[in-house]
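Report on the following structure.
Position 1 is the first residue of the sequence, and the numbers go up from there.
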Amino acid sequence: MFAPGLFDFGVFHMAANNFTDAVMKGIRTEAIAEKIEGNIDMNLFNTMWSTISPGSYGANLKNLPAKTRIVQAEYDFVFGPKNVDDINFIIKKNRPDIELDTENVGHSTFGRFPFSISITLEDIKFIYANTLMKEDKKG
């Protein structure tokens with residue numbers, strides 16, 4: 001995903017800096033955290049989750065396609081607002097040019113109707129504007 005030139009565009013929905021923090025500190029994940037707490041070494045748990053935690057790849061974000069759209073929820077009871085703010089900061093630091101859209105929805109409502117329709121329409125517009133589909137229609 002981070003190989004330069006691999007993709008023409010990217011669209012990502014909802015990112016958190018650290019998935020260990022999302023599981024262990026999220027409001028909606030409290031029951032999961034209670035089952036994990038004391039049953040696994042937190043350093044090991046963090047190491048395992050670091051492979052999929054976007055914050056682990058902060059410096060590599062500079063290699064995202066020039067035409068990248070990232071959509072975040074304004075309030076997030078799963079990832080936690082600080083976790084989302086942290087990855088947004090890393091994204092803006094490494095790629096101030098990409099589109100970072102924050103929607104006035106929460107994590108659990110993000111994919112539900114009717115919110116999902118407006119987000120999907122914006123994604124389609126972005127994809128259409130940044131692919132060869134637009135050029136194909138001219139000829």
Side-chain angles (χ1 to χ4, degrees):
M1 173 170 71
F2 296 120
L6 186 61
F7 296 104
D8 294 329
F9 66 89
V11 176
F12 302 94
H13 287 182
M14 306 199 55
N17 187 53
N18 182 296
F19 284 164
T20 300
D21 285 351
V23 171
M24 299 306 293
K25 297 177 182 175
I27 293 170
R28 301 286 290 173
T29 57
E30 286 176 343
I32 298 167
E34 287 173 7
K35 301 285 187 205
I36 293 171
E37 190 72 49
N39 290 312
I40 187 170
D41 176 76
M42 284 289 102
N43 288 328
L44 175 61
F45 190 54
N46 194 47
T47 299
M48 292 184 329
W49 280 95
S50 70
T51 59
I52 61 167
S53 293
S56 299
Y57 301 96
N60 295 16
L61 291 172
K62 67 180 178 282
N63 295 327
L64 286 172
K67 298 169 184 173
T68 295
R69 170 178 161 79
I70 298 175
V71 186
Q72 296 280 50
E74 185 172 285
Y75 53 96
D76 196 308
F77 297 126
V78 176
F79 292 158
K82 182 180 180 329
N83 209 348
V84 174
D85 288 345
D86 288 348
I87 194 62
N88 286 349
F89 175 80
I90 292 170
I91 291 166
K92 290 175 186 175
K93 176 183 166 194
N94 286 286
R95 289 306 300 275
D97 60 311
I98 64 174
E99 182 178 324
L100 180 57
D101 180 17
T102 304
E103 292 291 325
N104 187 23
V105 296
H107 189 108
S108 58
T109 58
F110 197 81
R112 290 190 190 144
F113 183 81
F115 303 108
S116 60
I117 297 299
S118 63
I119 293 167
T120 301
L121 288 173
E122 290 302 313
D123 288 346
I124 291 168
K125 288 178 191 175
F126 180 86
I127 292 167
Y128 183 78
N130 293 294
T131 64
L132 295 177
M133 290 188 298
K134 187 166 72 174
E135 294 299 319
D136 290 344
K137 292 189 180 273
K138 289 180 182 177

Would you give the length of the straight line joining atom [atom1] of [X] to atom [atom2] of [Y], rounded to the nearest 0.5 angstrom?
{"X": "Asn94", "Y": "Phe89", "atom1": "CG", "atom2": "CZ", "result": "9.5 Å"}
{"X": "Met42", "Y": "Thr47", "atom1": "CE", "atom2": "OG1", "result": "11.0 Å"}
{"X": "Phe12", "Y": "Ile98", "atom1": "CZ", "atom2": "CD1", "result": "8.0 Å"}
{"X": "Phe45", "Y": "Ser50", "atom1": "CZ", "atom2": "OG", "result": "11.5 Å"}
{"X": "Thr20", "Y": "Asn83", "atom1": "OG1", "atom2": "CG", "result": "9.5 Å"}
{"X": "Phe79", "Y": "Thr29", "atom1": "CZ", "atom2": "OG1", "result": "10.0 Å"}

Would a distance-only check, ignoring hydrogens and angles, find a side-chain to backbone donor-acceptor pair under 3.5 Å from [X] to [Y]?
{"X": "Asp21", "Y": "Asn17", "value": "no"}
{"X": "Thr120", "Y": "Ser116", "value": "yes"}
{"X": "Tyr57", "Y": "Thr51", "value": "yes"}

Shared hydrophobic cluster for [X] and [Y] (ILVMFWY, side-chain gaps under 4.5 Å):
{"X": "Ile36", "Y": "Leu44", "result": "yes"}
{"X": "Ile52", "Y": "Met14", "result": "yes"}
{"X": "Leu121", "Y": "Tyr128", "result": "no"}

Going by salt bridge (charged side-chain N to carboxylate O under 4.0 Å, His left out), name the residues that satisfy it together with Glu122, two or more places apart in sequence or in a different chain. Lys125
Any side-chain heavy atom of Lys25 sitting closer than 4.5 Å to one from Lys82? no
How would you list all residue pairs meeting salt bridge (Lys or Arg N to Asp or Glu O under 4.0 Å) that involve residues 93-111, not counting sequence neighbours? Arg69-Glu99, Arg69-Asp101, Arg95-Asp97
Side-chain donor-acceptor pair present, Asn18, Asn46, cut-off under 3.5 Å: yes
